[in-house]
Amino acid sequence: MHADVDAFFASVEQRDDPSLRGKPVVVGGGVVMAASYEARAFGIHGGMGGWQARRLCPRVVVVFPRGSAYAEASKAVFEVFHDTSPVVEGMGLEEAFLDVRGMGRMAGTPEEIARRLRRMVRERVGLPLSVGVASTKVLAKIASRSAKPDGVHVVPAGGELEFLHPLPVERLWGVGPATTEKLHSLGFMTVGQLAAVAEDELVSMLGRHTGRQLAAIANNRDPRRVRAGRRRRSIGSQRALGRKKRSPAELDAVVLALVDRVSGRMRAAGFAGRTVVLRVRYRDFTRISRSRTVARPTAATATILEAARSLLAAALPDIERQGVTLLGLTVYNLDFGPGDQLALPVDDAESTALDAAIDDVRELFGTRSVTRAAALALNDRPEAPNPFEEGVGRRE
DNA sequence: TCTGGGGTCCTAGGACCC
DNA sequence: TCTGGGGTCCTAGGACCC
């Protein structure tokens, strides 16, 4: 089954502030991160500009995101998931696949399990959950969406193709704007039409991966299993900069702040990584990335900063020419394993000690209690709390 | 008053190795 | 002078998801 909290951020806000219940609510500032169902009735949806939302519904209530509240709610929801099935594959803060095969004797039919899951999330966390039940992941995922809001949708065994074939291709999980466009231009509008052509043909039109995947899905041969305990592969942070012209010093300040945040999160989570990727979005919104791989895994601010700065320096001529609207920094090639093995003597002792001291201060007094002076070079807007950062709001 | 922030996976070319 | 097949790692870009 696929379980998904309805309008997650907005539902948490309505749960915590009764005056918001029944009202159109939007979470986010410049961009809508979540919209309550009341807001969706006006045509408001995630990713939309905040001004646009207000134009569609002038009385919409805009709430600033409270990251720690969502993190806590997510944790509580996942506790219910884990109480329901031993095999849970999380897909972000608010949704997961649950493998409930072979649980009939203990827990009842999948539909009974789904209804109980919804009831428990409602009672224990106070949030509305929708659940899709089917014999494959892709169908369960589609079914949970059609179950919304606040419902269950079971695709009966044997009825998969009947459910699947009339669907428009863009309803499939994994078919986004680019593939939809391509399929439409080739005359494919429904999943049933995809099922009518050979896999080879889909592969030659869409490439190996997408072709095979769509052939499998259209014929109800989705082979994917629910995979519990997937490991994280990257840690990153990014910052949109608007359209203003930015000086090299400002960009350096942004990179510094990004490195500071990313490396801090890495140390807190016990990760070290080898590949540093700098992402740049130009003024025309095209994107490039530049990466550098170091010999040994690190989580040291100084080491990652050195790599990031060299990447920025190399990108600077193009940035000068094209203008920049976003900088991002992500560390890949993460080294897992026990945290106490990660502080290897790769990085010089002094900078490691400094990182540890700063981490401690932030742990005690809040993330923003210590800031690098150089990071103040970009002072045009207050540092927004990161919704995904633990600890924000707890000690401040 | 256009376009946030955090991720995963796949492809493809080149370097390098056996 | 030309020629195989298999593999890994790194870099860059693209599509997609929540």
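Below, read A as the first sequence line, B as the second, and so on, with proteins coming before strands; counting in each chain starts at 1.
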Contact class for [X] (heavy atom, under 4.0 Å): base, sugar-phosphate, or nothing?
X: Arg230(A); value: sugar-phosphate
X: Thr210(A); value: nothing
X: Gln52(A); value: nothing
X: Gly30(A); value: nothing
X: Arg290(A); value: sugar-phosphate
X: Leu172(A); value: sugar-phosphate
X: Lys182(A); value: nothing
X: Gly174(A); value: sugar-phosphate
X: Arg281(A); value: sugar-phosphate

Side-chain N or O of [X] versus OP1/OP2 of [N]: is the shortest distance under 4.0 Å?
X: Arg231(A); N: dG7(B); value: no
X: Ser237(A); N: dG6(B); value: yes
X: Arg232(A); N: dG7(B); value: yes
X: Thr325(A); N: dT3(B); value: no
X: Ser289(A); N: dT11(C); value: no

Ring-on-base stacking dT3(B) with Phe285(A) (under 5.5 Å, under 30°) |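 Yes; by the centre-distance and plane-angle rule, Phe285(A) counts as stacking on dT3(B).
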
Grab the stems for DNA chain B, please: at least three consecutive Watson-Crick or wobble pairs, both distances below 3.5 Å, written as range with range.
->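 Runs of three or more consecutive pairs: B:5-18 with C:5-18.
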
So, the side chain of Gln193(A) versus the backbone of Thr190(A): is there a donor-acceptor pair under 3.5 Å, distance only?
->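 Side chain of Gln193(A) to backbone of Thr190(A), a donor-acceptor pair under 3.5 Å: yes, one is there.
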
For the pair Phe78(A) and Phe81(A), name the ring-plane relationship: parallel under 30°, tilted 30 to 60°, perpendicular over 60°.
->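 The rings of Phe78(A) and Phe81(A) stand perpendicular, inter-plane angle above 60°.
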
